[in-house]
Amino acid sequence: MEEKKARLKPQAEIEVIPEGPIRIKGNIILSDVRRDIFESPEGEIYLCRCGRSKNKPYCDGSHEK
Amino acid sequence: MESSIKSGRGRKYTNGEITVYWKPESCIHASYCYRELIEVFDPSRRPWVDMYGATTAEIIRTVNMCPTDALTWKWNDEEKNRDVDPSHTNHVNFRRPELLKDETEAQSEPVSVRVMPQGPLIISGTFTLKYDNKIKEVEESAVSLCRCGASSRMPFCDGNHRKSDFKDD
Ligand code: FES
Ligand code: FES
């Protein structure tokens with residue numbers, strides 16, 4: 001067995017956009033039992049954090065209204 | 001299993017001795033992996049592969065049962081990958097030779113991003129979090145981010161989603 005390195009390499013970048021959604025990019029698994037999502041998205045995704053999107057868990061721009 | 005597994009890059013998991021590769025878009029849900037070795041392959045856990053849940057021999061035996069190239073494996077010691085018995089059907093030599101050159105990193109566990117019903121987003125693993133002009137390095141830990149818009153500790157969840165009438169639909 002290998003020893004765990006003291007510092008691990010970050011696998012993803014999460015950014016909380018001011019007045020906007022959460023941007024996520026990197027090696028992730030997104031899961032949402034309610035909507036039957038279990039996937040490793042390519043590229044970046046934007047998740048709603050205002051509570052108003054009509055396309056949850058994703059942001060649909062409703063935060064601007 | 002009901003979950004849909006969509007395309008993505010392959011994932012890899014190691015216990016220091018072997019590396020197991022997961023290619024989600026190839027999975028046909030034959031379910032040998034979790035029926036044989038739930039200690040290692042547990043679709044309801046995040047991350048779903050725990051390479052320390054069983055011995056290397058048991059993991060190899062189970063991965064060889066996968067009928068597609070969704071699960072493959074190789075020795076971390078490259079010497080051992082030269083001459084592999086064809087009974088090891090899911091060794092990368094036979095299924096995904098392009099992975100032979102792949103150098104094993106010490107850790108590449110994907111970050112788990114879980115959408116909690118009527119609740120926050122729970123992000124766990126090793127990642128960087130940017131908020132309020134700050135950058136926080138999170139190492140093998142978790143944060144809980146508000147999805148309802150009603151937290152008074154933004155961007156983090158403070159439990160207010162229970163009081164606000166957050167409709168998670
Ligand atoms: S953050 Fe964009 S719709 Fe909620
Ligand atoms: S999701 Fe918990 S306070 Fe908003």
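No experiment lies behind these values; they were computed from the predicted model shown. The chains referred to below are lettered A, B, ... by the order of the sequence lines, with proteins before strands, and numbering in each begins at 1.
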**Student:** For the atom pair NZ (B:K136) and CD1 (A:I14), what is the distance rounded to the nearest 0.5 Å?
**Tutor:** 12.5 Å
**Student:** Check whether any side-chain heavy atom of A:R34 sits under 4.5 Å from a side-chain heavy atom of B:P117, and report yes or no.
**Tutor:** yes
**Student:** Would you indicate whether the side-chain heavy atoms of A:L47 and B:V113 approach each other to under 4.5 Å?
**Tutor:** yes
**Student:** Hey, is CG on B:D83 packed in by over 12 heavy atoms from elsewhere, all under 6.0 Å?
**Tutor:** no
**Student:** Examine whether an atom of B:M154 lies under 4.5 Å from a heavy atom of chain A, and if so say whether it belongs to the side chain, the backbone or both; otherwise answer neither.
**Tutor:** side chain
**Student:** Just wondering, do A:S31 and B:R46 contact through their side chains at under 4.5 Å, heavy atoms?
**Tutor:** yes
**Student:** Counting heavy-atom pairs under 4.5 Å with chain B, which one of A:R52, A:K56, A:K54, A:R23 comes out on top?
**Tutor:** A:K56
**Student:** Could you give all pairs that pass the salt bridge (charged side-chain N to carboxylate O under 4.0 Å, His left out) test and reach residues 112-135 of chain B, with sequence neighbours left out?
**Tutor:** A:E13-B:K130
**Student:** Would you give the length of the straight line joining atom OG1 of B:T126 to atom CG of A:N27, rounded to the nearest 0.5 angstrom?
**Tutor:** 10.5 Å
**Student:** Give the interface residues of residues 59-70 of chain B toward chain A, defined by a heavy-atom separation under 4.5 Å.
**Tutor:** none
**Student:** Does any heavy atom of chain A fall under 4.5 Å from the side chain of B:L145, the backbone, both, or neither of them?
**Tutor:** side chain
**Student:** When heavy-atom pairs shorter than 4.5 Å are enumerated against chain A, which of B:P47, B:G149, B:S112 gives the highest number?
**Tutor:** B:G149
**Student:** Flag the one option from B:T128, B:T56, B:N133 with the top tally of heavy-atom pairs under 4.5 Å to chain A.
**Tutor:** B:T128
**Student:** Output every pair passing ring pair (Phe, Tyr, Trp, His ring centres under 6.0 Å) with a member in residues 119-169 of chain B, not counting sequence neighbours, ordered by first then second residue.
**Tutor:** B:Y131-B:F156
**Student:** Hey, are A:R35 and B:D169 close enough for a salt bridge, meaning a charged N less than 4.0 Å from a carboxylate O?
**Tutor:** no
**Student:** Tell me, which pairs form a ring pair (Phe, Tyr, Trp, His ring centres under 6.0 Å) where one or both residues lie in residues 12-37 of chain A, sequence neighbours left out?
**Tutor:** none
